[in-house]
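First comes the structure, then the notes that go with it.
Numbers for residues simply follow the sequence, beginning at 1.
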Amino acid sequence: MRIRIYYEDTDFSKLVYHANYLRFMERGRTNYLRLLGTDHRALFEETRSEAPGFAFVVRSMTIDFFKPAFMDDVLEIITTPIEVKGASITLLQQCRRGDDLLVEARVRVAFVSGGKAQRIPKPLRLAMGA
């Protein structure tokens with residue numbers, strides 16, 4: 001997924017504010033599901049009876065900042081599954097500007113319903129595993 005950096009993404013130093021990378025990666029995870037053929041609205045409808053009120057929640061994240069991004073840069077947000085388990089998935093997310101790795105995060109996301117971890121629906125788990 002490509003993102004252009006706008007003035008609103010920067011801080012007083014004209015660099016991308018560190019917390020904005022979390023927003024970029026959130027969008028990357030959403031687009032990752034879309035690339036798997038999953039529409040969030042459709043997913044909510046399909047799982048309503050199996051897991052009412054489900055959500056994907058970030059369980060943990062380890063993030064490394066290597067280089068800054070600047071206004072007008074175009075970044076590529078790359079999301080790659082590392083491990084798919086019954087109720088969680090671990091993803092590697094990278095923010096790149098061309099060949100430069102700017103930020104890298106390992107993100108563990110859990111599937112919850114009713115405040116408890118639930119198995120990821122089989123079709124989605126299989127798509128993520130592929």
Open item on the list: Quick one, D64 and V103 - any side-chain contact, counting heavy atoms below 4.5 Å?
Closed with: no
Open item on the list: Regarding D9 and R23, does a basic nitrogen lie under 4.0 Å from an acidic carboxylate oxygen?
Closed with: yes
Open item on the list: Please check this pair: side chain of R96 against backbone of E76, looking for a donor-acceptor N/O pair closer than 3.5 Å.
Closed with: no
- [ ] Please name all residues satisfying side chain to side chain donor-acceptor pair (under 3.5 Å) with T10, sequence neighbours left out, ordered by chain then number.
- [x] none
Task: Approximate separation, where rounding is to 0.5 Å, of N20 CG and L15 CG - done: 12.0 Å
Task: Heavy-atom check, side chain of Y6 versus side chain of M71, under 4.5 Å - done: no
- [ ] Indicate if F24 and F66 have the same hydrophobic cluster label, given that clusters are the connected sets of ILVMFWY residues with side-chain heavy-atom separations under 4.5 angstrom.
- [x] no
Open item on the list: Side chains of I3 and I77, heavy atoms from C-beta outward: is any pair under 4.5 Å?
Closed with: yes
- [ ] Decide yes or no on side chain to side chain contact (heavy atoms under 4.5 Å, CB included) for R27 and T30, but give the supporting numbers first.
- [x] CA-CA 5 Å; R27 291 182 206 159; T30 299; 5.6 Å; no
Open item on the list: I want to check something: taking the side chain as every heavy atom from C-beta on, are E104 and L92 in contact at a cut-off of under 4.5 Å?
Closed with: yes
Open item on the list: Is any side-chain heavy atom of K14 closer than 4.5 Å to one of Y7?
Closed with: yes
- [ ] Could you state whether I78 and V107 fall into the same hydrophobic cluster, counting links through intermediate Ile, Leu, Val, Met, Phe, Trp or Tyr residues with side-chain heavy atoms under 4.5 angstrom apart?
- [x] no
Open item on the list: I want to check something: taking the side chain as every heavy atom from C-beta on, are R59 and S88 in contact at a cut-off of under 4.5 Å?
Closed with: no
- [ ] Could you walk me through whether Y21 and L75 pass side chain to side chain contact (heavy atoms under 4.5 Å, CB included), step by step?
- [x] CA-CA 10 Å; Y21 290 103; L75 305 185; 4.3 Å; yes
Task: Minimum heavy-atom distance between A69 and L102, given as atom pair plus value - done: CB-CD1, 3.8 Å
- [ ] State plainly whether one hydrophobic cluster holds both F56 and V58, where clusters connect Ile, Leu, Val, Met, Phe, Trp and Tyr through side-chain heavy atoms under 4.5 angstrom apart.
- [x] yes
TODO: Could you walk me through whether T90 and V84 pass side chain to side chain contact (heavy atoms under 4.5 Å, CB included), step by step?
DONE: CA-CA 6 Å; T90 302; V84 179; over 6 Å; no
Task: Sequence-distant partners of E26, salt bridge (charged side-chain N to carboxylate O under 4.0 Å, His left out), two or more places apart - done: R29
- [ ] Evaluate the side-chain proximity of T79 to M1: yes if any heavy-atom separation is below 4.5 Å, no if none is.
- [x] no
Open item on the list: Give me the atom names and distance for the closest heavy-atom approach of I89 to P81.
Closed with: CD1-CB, 4.1 Å
TODO: Would you check if the side chain of D73 reaches a backbone N or O of F70 as a donor-acceptor pair within less than 3.5 Å?
DONE: yes
Open item on the list: Do L33 and M61 land in one hydrophobic cluster if side-chain heavy atoms of ILVMFWY residues count as linked below 4.5 Å?
Closed with: yes
Open item on the list: Run the side chain to side chain contact (heavy atoms under 4.5 Å, CB included) test on Q94 and T80 for me, step by step, so that the C-alpha distance in whole Å, both residues' side-chain angles and the decisive distance to 0.1 Å come before the verdict.
Closed with: CA-CA 9 Å; Q94 297 179 327; T80 308; over 6 Å; no
Task: Set of residues satisfying salt bridge (charged side-chain N to carboxylate O under 4.0 Å, His left out) with respect to D100, sequence neighbours excluded - done: K67, R97
